Amino acid sequence: MRQAVFRRPEIGDDNEMLRARLHAIWETAPGLKGWLGTVDHKEIGIRYIITAFVLLALGGIEALVIRLQLAGPDLHLLTPEQYNEFFSTHGMTMIFLYASPILSGFSNYLWPLLLGSRDMAFPRMNAFSYWVFLGSAIFLYSGFLVGAGPNDGWFNYVPFAEKDYNPGFNQDFYSLGMIFLGISTTVGAANFIVTAFKTRAPGMSINRIPIMIWGTLTASAANLVVVPAVSLAFFLLWMDRQFGTDFFQPAGGGQPLLWQHLFWIFGHPWVYAIVLPAMGMVSDGLPVFCRRPLVGHSLVALATVSVMILGFGVWVHHMFATGLPGLSLSFFSGASIIITFPSAVTVFAWIATIWLGRPVITTAFLYFASMILLFVIGGVSGFMTASVPVDWQLTDTYFVVAHIHYVLIGINVFPVVGATYFWFPKMTGKLMDERLGRWGFWTMFAGFNIGFLPMHLTGLLGMPRRIWTYPAGMGWSTLNLVTTLGSFLFAVGILIFFFNVIKSLRSGAPAGANPWGGSSLEWSVSSPPPPYNFAVIPTVASRHPLWEEALDESVARTSLTRGMTLDQGKEALHTSPMDAEPERIVATPEDNVAPFLLTVAMMVLFYGMLLKLWIVIGLGGLGCFAALLMWLWPRRNLLERAPPDRKEPVHG
Amino acid sequence: MSRKPESLSHHPAPQAEKISSWMAFFMVFGGPAAWFVQLCIGSVMASWPCFPNMHRLDEPLHGYQWTRGGAAILLVVAALVAALAAWTSWRKLQQVRGEREGGHRELSEVGHGRTRFLALWGTITGVSFTIATLATLVAFVWMPRCAG
């Protein structure tokens with residue numbers, strides 16, 4: 001049985017013998033079993049990132065097909081049914097299968113390195129969350145590949161999504177796939193929260209946590225609250241479709257508006273969940289190139305938390321046109337406008353950091369800095385749609401499409417590409433090509449703005465969103481053509497980025513441990529990091545452990561070369577939530593294929609539910625039970641622990 | 001950067017005992033929680049009597065006129081709770097200001113002392129959510145009950 005063991009930890013210096021011992025303990029076994037069973041957060045993080053980028057490419061191809069269809073009036077490249085599937089799958093892919101998982105990938109890779117720990121709090125759950133993400137992506141795309149992808153938009157409004165109007169398998173794939181994906185998100189969120197509060201290096205008190213941690217932490221807290229709402233919504237829809245219940249059917253006393261409440265109480269916080277971690281990347285990456293700490297670190301951290309809190313209270317601004325009384329709408333209009341205040345705090349902090357720093361213009365800096373501009377444009381159009389009378393004019397036009405793309409591409413894709421340039425050297429030990437990087441950046445930046453800025457005008461001229469085609473003479477043709485050309489240019493920029501990644505992997509210049517002169521703990525270890533991350537657990541004494549000499553900001557100094565060794569097996573240190581004082585040493589689970597097998601069994605279960613084949617459902621359920629048994633089976637290595645020594649908190 | 005661990009073990013919040021965990025929670029989350037409660041309950045009280053069961057009405061349902069006043073009272077109570085959180089935080093901030101020497105720059109950029117950090121957060125969130133809650137009262141002055 002897994003249990004905490006109170007033991008005075010060994011204190012030692014970083015040396016070759018210790019590293020060799022830790023390497024033997026932490027290295028993943030070779031072969032298929034090791035590949036399927038690894039729980040190393042770095043491996044899982046990279047898998048998340050690669051999978052999400054593949055799905056970004058798929059979603060991008062769908063977008064280009066959509067744009068070809070809309071390039072001119074009266075085009076018939078797609079049928080209306082195909083168009084519905086393409087734009088719905090595009091939205092589903094980009095929001096659920098790219099935007100959130102890519103951030104989970106970076107967070108998975110970086111969190112233990114940023115926090116000064118050896119792994120996430122629950123490594124097997126971490127592996128499980130990845131496998132479920134992959135499994136649900138396959139499940140959702142298997143529907144699209146057999147012509148039964150989602151076809152009522154990513155928002156999936158009822159009653160269109162009900163059986164009467166949509167009798168195929170399309171919505172069943174979507175409903176069950178989203179419930180499946182929700183398991184991954186929930187498991188991942190719980191893991192991030194516990195990791196943030198329990199595995200920080202000694203001394204990393206709550207005021208010294210990097211902003212990227214705040215971003216993913218608040219997003220994870222939001223996910224824990226809102227994902228159940230949307231999972232419930234999809235489950236109720238599936239019940240309506242399969243068993244004739246009337247949760248959303250007005251004829252049976254149901255409420256279509258209930259769908260919108262359940263969906264948007266998830267959907268809007270989700271927007272922040274896929275933005276705040278990316279904002280955290282910029283907040284931690286930008287100062288490195290400005291050669292100074294982030295201006296207003298405390299305020300930016302507070303703004304991150306505040307945006308997430310306010311994000312819970314704005315879902316009705318997606319429902320301003322549903323006929324609710326103005327007095328109640330004013331509550332949500334006010335909340336939506338107020339959210340600009342903490343957002344502005346963050347933007348001004350970034351600008352001040354550049355202003356007061358000595359910026360080094362690298363490709364990563366360009367992406368981070370461009371995000372500020374795109375965030376402001378997306379924020380301003382968001383402010384406009386937060387106003388009820390303005391929203392009544394703009395809702396369901398291309399203005400809203402422009403807004404969502406400025407928000408989601410501008411403050412998710414651009415920071416993520418920047419983050420790739422920034423952390424690629426840490427992940428691979430190689431630098432990315434800067435010249436190619438600049439070509440890619442300017443192509444992407446130009447393509448994006450050529451493509452999406454005119455969309456605001458298209459919307460103001462009244463072009464509705466989600467239409468398959470449009471007649472000539474509406475004044476939309478030229479703008480749509482420009483948007484299509486811009487989209488293709490943007491895609492070229494993405495291709496240059498992908499090419500640069502592959503080229504740099506093969507022939508990039510060696511990076512060294514800290515090529516950018518970063519200030520946080522991940523830059524203190526080799527590139528790529530060893531399987532155990534830190535030979536000795538660091539002791540942190542400031543917000544910028546690697547910049548202390550330059551900043552001369554504290555009496556005490558961070559220790560990176562002497563500290564707890566934790567080398568009696570796969571062990572981790574747990575610390576207190578507020579002050580990160582050492583509390584206990586816990587055993588960390590070994591690699592295991594159970595998370596993979598559990599996911600496979602769950603896929604069988606979900607396909608059985610889709611087809612209503614009870615024998616397949618039973619087999620899937622049995623498989624889940626067997627995999628869980630394998631996962632939880634008592635293990636000798638956890639029993640053979642050092643005996644309890646002292647029952648008192650462990651201090652370095 | 002390789003000092004002995006023993007010399008690194010000074011507490012990151014030497015005045016931690018001046019704020020209990022519950023107090024810290026109230027200071028930081030009292031304002032947001034009050035705002036969220038008034039948002040959800042207030043909007044229901046403002047909306048449902050005018051729009052019950054998919055039927056839009058020009059006047060609130062008979063017997064539900066009190067909900068407008070109820071929502072307004074809820075708003076004021078929520079604003080008071082947020083203000084109390086702000087006031088408590090401000091007082092604590094004065095008490096723990098000496099957790100580490102340093103002016104505003106150290107507080108916002110260097111951030112020594114998590115107790116002072118939390119007190120600062122509580123003050124800002126308390127004041128912000130008091131204002132945010134009171135701003136919603138403007139709607140009660142301007143908006144007809146079931147209009148829109």
Side-chain angles (χ1 to χ4, degrees), chain A residues 11 13 202-208 250 255 257 293-299 301-302 305-306 309-310 312-313 316 323-332 334-335 338 341-342 388 539 541-543 545-546 548-549 551 553-554 556-564 578-581 651-652, chain B residues 1-13 16 21 24 28-29 32 35-36 38-40 42-48 50-51 53-54 56 68 71 106-114 116-118 120-121 124-125 128-129 131-132 135-136 138-140 142-148:
Chain A
I11 304 292
D13 290 313
M204 190 180 282
S205 49
I206 203 157
N207 53 315
R208 292 172 181 163
Q255 292 265 14
L257 270 185
L294 179 70
V295 171
H297 181 112
S298 296
L299 299 181
L302 176 58
V305 176
S306 299
I309 291 169
L310 289 163
F312 283 117
V316 174
L324 297 173
L327 187 58
S328 70
L329 295 186
S330 66
F331 282 81
F332 292 93
I338 286 166
F341 285 78
V388 177
T539 308
S542 71
R543 279 182 182 158
L546 305 191
E548 285 171 358
E549 298 292 341
L551 294 173
E553 67 180 22
S554 59
R557 295 289 171 156
T558 292
S559 172
L560 299 169
T561 55
R562 183 173 171 79
M564 300 180 199
M578 296 291 271
D579 300 323
E581 289 186 291
H651 290 279
Chain B
M1 277 188 220
S2 58
R3 294 164 63 106
K4 290 180 180 177
E6 289 75 14
S7 65
L8 299 169
S9 62
H10 73 266
H11 201 286
S21 296
V28 176
F29 289 111
W35 169 81
F36 189 68
Q38 67 80 21
L39 179 81
C40 293
S43 62
V44 169
M45 288 206 282
S47 179
W48 191 83
C50 298
F51 193 26
N53 299 320
M54 308 298 291
R56 182 71 182 274
R68 184 185 177 101
E106 281 71 21
L107 181 60
S108 61
E109 294 192 21
V110 182
H112 285 304
R114 66 92 169 145
R116 203 166 64 169
F117 177 80
L118 288 173
L120 174 71
W121 271 33
I124 294 172
T125 54
S128 305
F129 281 94
I131 295 169
T136 312
V138 175
F140 280 81
W142 291 102
M143 298 288 292
R145 181 65 204 268
C146 292

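For clarity, every value in this text was computed on a predicted model and none was experimentally measured. First the proteins, then the strands, lettered A, B, ... as listed; each starts at 1.
Of all heavy-atom pairs spanning B:Leu118 and A:Met578, the tightest one is CD1-CE, 3.0 Å. Counting all heavy atoms, side chain and backbone alike, A:Phe331 lies closest to B:Thr136 at CD2-CG2, 3.6 Å. Taking every heavy atom of both residues into account, B:Trp121 and A:Leu302 meet most closely at CZ2-N, 3.3 Å. Here the closest non-hydrogen pair linking B:Leu39 and A:Phe332 is CD2-CE2, 3.9 Å. Of all heavy-atom pairs between A:Phe312 and B:Phe36, the closest is O-CE1, 3.6 Å.
Summarising the geometry, atom CH2 belonging to B:Trp48 is positioned 14.0 Å from atom CG belonging to A:Leu324; distances are rounded to the nearest 0.5 Å. One finds the CH2 atom of B:Trp142 at 13.5 Å from the OG atom of A:Ser330 (value rounded to the nearest 0.5 Å). Rounding to the nearest 0.5 angstrom, the gap separating the CG atom in A:Leu329 from the CE atom in B:Met143 is 7.0 Å. For the atom pair OG of B:Ser128 and CD1 of A:Ile309, the computed distance is 10.5 Å after rounding to the nearest 0.5 Å.
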Derivation and outcome, side-chain contact (heavy atoms from CB on, under 4.5 Å), residues B:Leu120 and A:Ser298
CA-CA 9 Å; B:Leu120 174 71; A:Ser298 296; 4.3 Å; yes
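Contact of B:Trp35 with chain A is made through the side chain alone, with heavy-atom distances under 4.5 Å. Neither the backbone nor the side chain of B:Ile131 comes within contact range of chain A; no heavy atom of the residue lies under 4.5 Å from a heavy atom of that chain. Only the side chain of A:Val305 comes within contact range of chain B, with heavy atoms under 4.5 Å apart. Interface residue B:Arg145: backbone and side-chain heavy atoms are both found under 4.5 Å from chain A. With a threshold of 4.5 angstrom between heavy atoms, A:Ile338 approaches chain B through side-chain atoms but not through N, CA, C or O.
By the 6.0 Å contact criterion, CZ on A:Phe341 is open, its count of non-hydrogen atoms from other residues, nucleotides or ligands being 12 or less.
Taking A:Pro342, A:Ala301, A:Ser306 one by one and counting their heavy-atom pairs under 4.5 Å with chain B, the maximum is reached by A:Ala301.
Screening B:Cys50, B:Ser47, B:Cys146 against A:Ser328 for a side chain to side chain contact (heavy atoms under 4.5 Å, CB included) leaves a single residue, B:Ser47.
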